[in-house]
Amino acid sequence: AALFTETPHDMTAQAGEDVEMACSFRGSGSPSYSLEIQWWYVRNHKDWTDKQTWASSQLKSSPPEDPGKEATKISVVKVVGSNISHKLRLSRVKLEDEGTYECRVIDSSDGKARHHKVKAYLRVEAAGGPGHPQDTELREAPLAELAAPGSAHAHHHHHH
């Protein structure tokens, strides 16, 4: 039977890192037919967490999705044969690269195109630790105001 032999994993990366997601598929049927593999990026739709339905519906042929969803096709590879593999490489990821990456395989072994999909979610954290830069700024601001030179100096003059 047709199946994914390698599927991408959900992952967390720091901004600036390089990321790789692997996707490999083995088709059913005789080797002389065409397989196409596509990587799509779907901006942050959160229904990806529903992993159970994934595993079970992964290999049912599903109709192509309506392009209305914010999905961008990143790359496409076609082969003639029964195995296909395509690594998605993202270099120096940015915070806005966060989202769902979907590997779609179009298997046209018996003259009908069947679509198989697997997805993984990429989380991107700001570089330099888990804290977001804007949090620390907010925490420091009130302290800076307390130590404003105005109030401190007025105090000093009294003692002399």
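- Looking at Cys103 and Ile37, their side chains come closer than 4.5 Å, going by heavy atoms from C-beta outward.
- Under the 4.5 Å side-chain heavy-atom criterion for Ile, Leu, Val, Met, Phe, Trp and Tyr, Val93 and Ile74 are members of the same hydrophobic cluster.
- Rounding to the nearest 0.5 Å places NE2 of His115 at 10.0 Å from CG of Asp107.
- Here CZ of Phe4 is found 7.0 Å from NE2 of His116. Values are rounded to the nearest 0.5 Å.
- Residues Val77 and Val118 share a hydrophobic cluster, clusters being chains of Ile/Leu/Val/Met/Phe/Trp/Tyr side chains in contact below 4.5 Å.
- Residues passing the side chain to side chain contact (heavy atoms under 4.5 Å, CB included) test with Thr12 are Arg123, Glu125, sequence neighbours excluded.
- Sorted by first and then second residue, the salt bridge (Lys or Arg N to Asp or Glu O under 4.0 Å) pairs with a member in residues 76-93 read Glu20-Arg89, Glu36-Lys78; sequence neighbours excluded.
- The line from CD of Glu6 to SG of Cys23 is 8.0 Å long, rounded to the nearest 0.5 Å.
- Under the 4.5 Å side-chain heavy-atom criterion for grouping Ile, Leu, Val, Met, Phe, Trp and Tyr, Val124 is connected to Met21 within one hydrophobic cluster.
- Every residue two or more places apart in sequence or in another chain was checked for a side chain to side chain donor-acceptor pair (under 3.5 Å) with Trp39, and none qualifies.
- Checked by atom type and distance alone, the side chain of Asp10 pairs as donor or acceptor with a backbone atom of Tyr121 at under 3.5 Å.
- Clustering ILVMFWY residues whenever any of their side-chain heavy atoms sit less than 4.5 angstrom apart, transitively, puts Met11 in the very cluster that holds Tyr101.
- Residues Leu95 and Ala126 come closest through the heavy atom pair CD2-N, 3.6 Å.
- With sequence neighbours left out, the side chain to side chain donor-acceptor pair (under 3.5 Å) criterion links Thr5 to no other residue.
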ask   = After noting the C-alpha distance and the side-chain angles of Leu122 and Glu98, does the key distance pass the side chain to side chain contact (heavy atoms under 4.5 Å, CB included) rule?
value = CA-CA 5 Å; Leu122 172 67; Glu98 178 164 300; 5.8 Å; no
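- Between the CG atom of Leu35 and the OG atom of Ser108 there is a distance of 6.5 Å, given to the nearest 0.5 Å.
- The NZ atom of Lys73 sits 4.0 Å away from the CD atom of Gln38 when rounded to the nearest 0.5 Å.
- For Lys94, the side chain to side chain contact (heavy atoms under 4.5 Å, CB included) partners two or more places apart in sequence, or in a different chain, are Glu96, Asp97.
- What you find for Ser91 and Asp18 is that their closest heavy atoms are CA-OD1, 3.3 Å.
- From Tyr41, atom OH reaches atom CD of Glu102 across 13.0 Å, with rounding to the nearest 0.5 Å.
- In this structure, Leu88 and Ser75 approach most closely via the heavy-atom pair CD1-OG, 4.4 Å.
- In this structure, Val79 is not a member of the same hydrophobic cluster as Ile106, with clusters built from ILVMFWY side-chain heavy atoms closer than 4.5 Å.
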